[in-house]
Amino acid sequence: MASWALSRISNLQKHLSPNIPSPKGEGLVKISPEVSEALSLGKPVVALESTIISHGMPYPQNLETAKEVEAIVRQNGAIPATIAILDGVPCIGLSPEELERLATIGRKARKTARRDIAHVVATGGNGATTVSATMFFASMVGIPIFVTGGIGGVHRHGESTMDISSDLVELGRTPVAVVSAGVKSILDIPRTLEYLETQGVCAAAYQTSEFPAFFTEKSGCKAPCRVDSPEECARLIEAHNSLMLGTGILISVPIPSKYSASGNFIESAIQKALKDAREQNITGSSETPFLLARVNELTGGASLSASAQIAVSLSQLRQESYEVGG
Ligand code: PSU
Ligand code: MN
């Protein structure tokens, strides 16, 4: 090892705390009083991500959707825990002021995946958590279920770029059930399913035998397993947790057909957006927000209203399944 690197590392040791952090994240994260009370009483809590607020939609639509999703969670008797990093502090559950702040910061917040967490915290920054980072924090504080719109996946041409979302690896190592609308059709769905299989992730489709794509009901891929009722979802989560499999579960609920934009229309918008991304040399973590924004523009907002509706119906399903599964 280069000697300069060694001296830097030994120097670093002086600044590190000798304390071993508590496994429940005490002192490392700020849990809102409401979420903290619910967790200590064993009441249902639903985790929600925040990249969809900062990067998924413009202000004030993002704030309205975030509030609407939280309200539905509450109406169904659970406590919403939106997760984000504000001024370097990971927050589990945001106050109305904090939610408003994140929504106005928008794209200036750092899109925070697992790899970014330490740097955002160390620099006192504002981070909007992706699925991977949200799962990490939910698991840390003991929240078993998390609802989102679309998860990341293997990008198209991922076989040469190796652009594979850290959401998939997180699902392979963090025992949280993620309820979502499936994988966005901007991604390579067959390869995403292969990767989830490699990672040992239980991927179930809800009331369909086909794995759903986010913008449309159909993806052309057979779902690895199917669940047909909230009770079945709850039994699946229960079996998974009691066996301590250690991996995550992905439950994909297709978009309600009345909101599902036409497959061909969306597909041609995706092809155009992918071409624009290549021409403008957009890669890495900027690619998903870029493609989503372009597809949204090209489809005149059809994909955006679909996203909002899905987030809302997913919360409802999640609540029903929690009530049954306890
Ligand atoms: N879906 C959206 N908007 C988003 C995302 C998904 O409609 O902003 C985010 C999610 O937070 C997901 C992330 O975890 O994109 C995946 O990004 P990447 O492909 O860079 O891993
Ligand atoms: Mn990526």
When rounded to the nearest 0.5 angstrom, what is the spacing between [atom1] in [X] and [atom2] in [Y]?
X	Y	atom1	atom2	answer
Ile79	Ser36	CD1	OG	11.5 Å
Arg107	Ser286	CZ	OG	9.5 Å
Ile52	Thr130	CD1	OG1	11.5 Å
Ile189	Ser219	CD1	OG	5.0 Å
Arg191	Thr198	CZ	OG1	12.5 Å
Glu64	Lys67	CD	NZ	7.5 Å

Measure from the side-chain N and O atoms of [X] to the backbone N and O of [Y], and report whether any donor-acceptor pair falls under 3.5 Å.
X	Y	result
Ser32	Leu94	no
Thr51	Ala128	yes
Lys111	Ser285	yes
Asp188	His155	no

Residues Lys275, Glu279: salt bridge by 4.0 Å N-O rule: yes

Q | 4.5 Å side-chain heavy-atom contact, Ile270 and Arg156 | A | yes

Practice item. Give the C-alpha distance, both sets of side-chain angles, the deciding distance and a yes or no for side chain to side chain contact (heavy atoms under 4.5 Å, CB included) between Glu70 and Leu99. Key: CA-CA 11 Å; Glu70 287 205 352; Leu99 200 63; 4.2 Å; yes

Check against side-chain hydrogen bond (donor to acceptor under 3.5 Å, both in side chains), Ser50 and Thr129
CA-CA 5 Å; Ser50 48; Thr129 52; 3.2 Å; yes

Among side-chain atoms of Ser166 and Glu170, is any donor-acceptor pair under 3.5 angstrom?
-> no

Linking I/L/V/M/F/W/Y whenever any side-chain heavy atoms sit under 4.5 Å apart, do Phe137 and Val121 land together? yes

Which of Thr247, Val176, Ile151 passes side chain to side chain contact (heavy atoms under 4.5 Å, CB included) with Leu171? Answer is Ile151

message = side chain to side chain contact (heavy atoms under 4.5 Å, CB included), that's the test. Do Ile83 and Phe146 meet it? Break it down for me.
response = CA-CA 10 Å; Ile83 296 178; Phe146 159 33; over 6 Å; no

